[in-house]
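A short worksheet on the structure shown next.
All of these numbers come straight from a predicted model, not from anything done at the bench. Values below: every heavy atom of this structure, side chains too, minus hydrogens, waters and symmetry copies.
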Protein chains: 2
Amino acid sequence: MTVITKSLVSNCADCPIRHRAVCARCEADELAQLEEIKYYRSFEAGQTIVWSNDRMDFVASVVSGVATLTQTMEDGRTQMVGLLLPSDFVGRPGRKGAAYDIVATTDLIMCCFRKKPFEKMMMETPHISHRLLEMTLDELDAAREWMLVLGRKTAREKIASLLNIVARRQPAFSPHGAVVFDLPLTREAMADYLGLTLETVSRQMSALRKAGVISLQGNRHVTVPDMARLMEAAGDDSDGGHLI
Amino acid sequence: MTVITKSLVSNCADCPIRHRAVCARCEADELAQLEEIKYYRSFEAGQTIVWSNDRMDFVASVVSGVATLTQTMEDGRTQMVGLLLPSDFVGRPGRKGAAYDIVATTDLIMCCFRKKPFEKMMMETPHISHRLLEMTLDELDAAREWMLVLGRKTAREKIASLLNIVARRQPAFSPHGAVVFDLPLTREAMADYLGLTLETVSRQMSALRKAGVISLQGNRHVTVPDMARLMEAAGDDSDGGHLI
DNA sequence: CGGGCCGATTGATCTGGATCAATGAGGCGA
DNA sequence: TCGCCTCATTGATCCAGATCAATCGGCCCG
């Protein structure tokens, strides 16, 4: 299943979340260097952070909130190609521009690093670039996992797969038993991620509710009484055990 | 559109193809080091190179022929998540196992590097790991591009998108005018790449033929008289101009 | 030369999800 | 409090692509 992307730096000083460690070595030095080129930005729900093909002069990691990466065809069809949850990294060191629209779907805080100095630091600090390679490989795995969802799963399975991903990223997640969380996406955004229409998303959410796989309080608040049943509905064999 | 993945080393001594350059610096030294850990393997069409979850103790680049990366669900549904053409790289430095089945779809020659020493060399030679990051970002872009194809394009557009990708990778490709090539995939493999059934692939190939967008000599040999028309059929706005 | 096999094509029918349309249910500003 | 706006649900109908099935054509092997 989708891999939880570890964040770039460990315990990023004044970030409100505890980033996971890059590795044990040299932390102090790197953190000091990263501190210098670091700044925070916050965005409101719905705000576009970067437009596709615009120049993007920073890389960043999500501190709180949720953002999406989206591709759009000229005729308006859109496909979401990435979901950025807290601790996820975004940005393409070595590339000038953004490849996709990046949109905040909830209020969002990002911890940004100016690109030029970040790249310089990357050149000088091998293990940062190894860490970045690691993270990019994780993203590639997640993208390919999603290709299976888009290409071969039914509407029902698609919905369950998405709920799975979001549920697993909750701070207090345990692989068996109940999970409760807020969906960070509208029905339309879910549809764009899953290659469906919003009507189909709505119908399948209702179907899962009627089947007792989930229960809903309002539009966004979800309770999953039994993760095993949800995974079954997702057509998912893996137990998520190889998540990092 | 899909990015042409540059190969890892430049002009790899006795490979029959000329790999593109990593960068101008230090070539001689690196080539010498790479020479030592390099070996060739050949496979027959249909042969599985690595099974998903098996350990994979090499990384490699395709010298000639075509291979695919495929994911399979327990109930047998399969989705191809990558197409490896000559000069493409495969392997995940820093990971033990393969994430997907790797299958040769034509006779295939790969230039392999034993993983352990390759990783060691990567640690010691920053610009190799930068190059690898670059290549992984290209693959990520390609995977995300394909997510749009899988999630939002019609059967007709999917077929045209695939033909586009293969056509662009022909040695003698020119963006306007005619292109002639052999499809490296069966109808079934095309279906697995596109999230369709083989019958739909066949019908849409016939439809494109009847519409004059392509012509077929036998099952595999394709002529595209006008790339612009093919791209139009693919619902593709880009002119492929940002390919490397 | 003939049979069997594999991949591809084509036809007939079915169906999951799209499309078109109406209704409901918060939230918010006047 | 009302009206509006955005998001979600639900219903009715349609259709692209799946499914089931028959046939074809090239190729290899006896």
Side-chain angles (χ1 to χ4, degrees), chain A residues 44-47 68 73 75-79 103 105-107 149-163 182-211 214-222 233 235, chain B residues 44-46 68 73 75-79 103 105-106 149-163 182-211 214-222 233 235:
Chain A
E44 286 173 18
Q47 215 180 332
T68 61
M73 294 171 66
D75 63 7
R77 283 177 281 177
T78 71
Q79 175 65 51
V103 181
T105 61
T106 65
D107 290 345
V149 173
L150 290 173
R152 293 302 187 193
K153 292 198 176 179
T154 64
R156 163 84 76 119
E157 291 170 330
K158 285 178 174 184
I159 299 284
S161 297
L162 176 56
L163 294 175
D182 281 318
L183 270 175
L185 302 174
T186 63
R187 298 291 184 264
E188 188 178 17
M190 291 173 68
D192 283 342
Y193 201 18
L194 297 168
L196 297 171
T197 59
L198 69 92
E199 291 95 330
T200 298
V201 170
S202 183
R203 277 184 245 274
Q204 294 298 334
M205 289 288 285
S206 299
L208 285 174
R209 178 169 46 72
K210 280 167 193 155
I214 60 174
S215 72
L216 295 168
Q217 296 78 46
N219 293 329
R220 298 291 193 95
H221 198 73
V222 180
Chain B
E44 286 172 19
T68 61
M73 294 170 67
D75 63 6
R77 283 177 282 178
T78 71
Q79 175 65 50
V103 181
T105 61
T106 65
V149 173
L150 290 173
R152 292 301 186 192
K153 292 198 177 180
T154 64
R156 162 83 76 119
E157 290 169 331
K158 286 178 173 183
I159 298 284
S161 297
L162 176 55
L163 294 174
D182 281 318
L183 270 175
L185 302 175
T186 64
R187 297 290 184 265
E188 189 178 17
M190 291 173 68
D192 283 342
Y193 201 18
L194 297 168
L196 297 172
T197 58
L198 69 91
E199 292 95 329
T200 299
V201 170
S202 184
R203 277 184 244 276
Q204 293 298 336
M205 289 288 285
S206 298
L208 285 174
R209 178 169 46 73
K210 279 167 193 155
I214 60 173
S215 71
L216 295 168
Q217 298 77 47
N219 293 330
R220 299 292 195 95
H221 198 74
V222 180

(request) Looking only at side-chain atoms of B:Arg187, point me to the closest of C:dT9, D:dT9, D:dG17. (result) C:dT9

(request) Can you measure from NZ (B:Lys153) to OG (B:Ser161) and round to the nearest 0.5 angstrom? (result) 3.5 Å

(message) Exactly one of A:Asp182, A:Leu208, A:Ile214 should register a side chain to side chain contact (heavy atoms under 4.5 Å, CB included) with A:Val222. Which one does?
(response) A:Ile214

(request) Specify the closest pair of heavy atoms between A:Arg152 and B:Arg77, including all atoms of both residues, with the distance to one decimal. (result) O-NH1, 3.0 Å

(request) Please tell me which of the listed nucleotides, D:dG17, D:dT10, C:dT9, lies nearest to the side chain of B:Leu198? (result) C:dT9

(message) Just to be sure I understand the rule, does B:Leu196 reach a base, reach only the sugar-phosphate, or reach nothing, if contact means heavy atoms closer than 4.0 Å?
(response) sugar-phosphate

(message) Minimum heavy-atom separation for A:Ala207 and A:Arg156, please, with both atom names.
(response) CB-NH2, 4.3 Å

(request) May I have the distance from A:Arg156 (atom CZ) to C:dT15 (atom C1'), rounded to whole angstrom? (result) 16 Å

(request) Whole angstrom is fine here: how far is it from CE in B:Met205 over to C1' in C:dG7? (result) 13 Å

(request) Consider the side chain of A:Thr186, meaning its heavy atoms from C-beta on, and name the nucleotide among D:dG17, C:dA18, D:dC7 that approaches it most closely. (result) D:dC7

(request) Apply the side chain to side chain donor-acceptor pair (under 3.5 Å) test between B:Asp192 and each candidate in B:Thr68, B:Thr197, B:Thr78; give the one that qualifies. (result) B:Thr78

(message) How many whole angstroms separate atom CG of B:Asn219 from atom C1' of C:dT10?
(response) 14 Å

(request) In whole angstrom, give the distance that lies between atom CG of B:Leu216 and atom C1' of D:dG25. (result) 15 Å

(request) Output yes when at least one side-chain N/O atom of A:Thr197 is less than 4.0 Å from OP1 or OP2 of C:dT19, else no. (result) no

(request) Counting heavy atoms from C-beta on, name the nucleotide in D:dT10, C:dA18, D:dT9 closest to the side chain of A:Glu199. (result) D:dT10

(request) Take atom CD of A:Gln217 and atom P of C:dA25, then tell me their distance rounded to the nearest Å. (result) 17 Å

(request) Give the rounded distance in Å between these two atoms: CD of A:Gln204 and P of C:dG17. (result) 6 Å

(request) Could you state the atom-to-atom distance from CG of B:Leu150 to C1' of D:dA16 in whole Å? (result) 17 Å

(message) Counting only side-chain heavy atoms from C-beta out, which of D:dA18, D:dA8, D:dT19 sits nearest to B:Thr200?
(response) D:dA18

(message) Can you see if the side chain of B:Ser202 gets near the phosphate of C:dT10 - specifically, an N or O under 4.0 Å from OP1 or OP2?
(response) no

(request) Could you say whether A:Arg152 or A:Lys210 is positioned toward the 5' end of DNA chain D, judged by the nucleotide with the nearest heavy atom to each? (result) A:Lys210

(message) At 4.0 Å (heavy atoms only), tell me whether A:Arg220 reaches a base, stays on the sugar-phosphate, or touches nothing.
(response) sugar-phosphate

(message) Would you say B:Arg203 places a side-chain N or O within less than 4.0 Å of OP1 or OP2 belonging to D:dG17?
(response) no

(message) Can you measure B:Asp182 atom CG to C:dG7 atom P for me and round it to whole angstrom units?
(response) 17 Å

(request) For A:Gly195, report the nucleic acid contact type (base, sugar-phosphate, nothing); a contact means any heavy atom under 4.0 Å. (result) sugar-phosphate

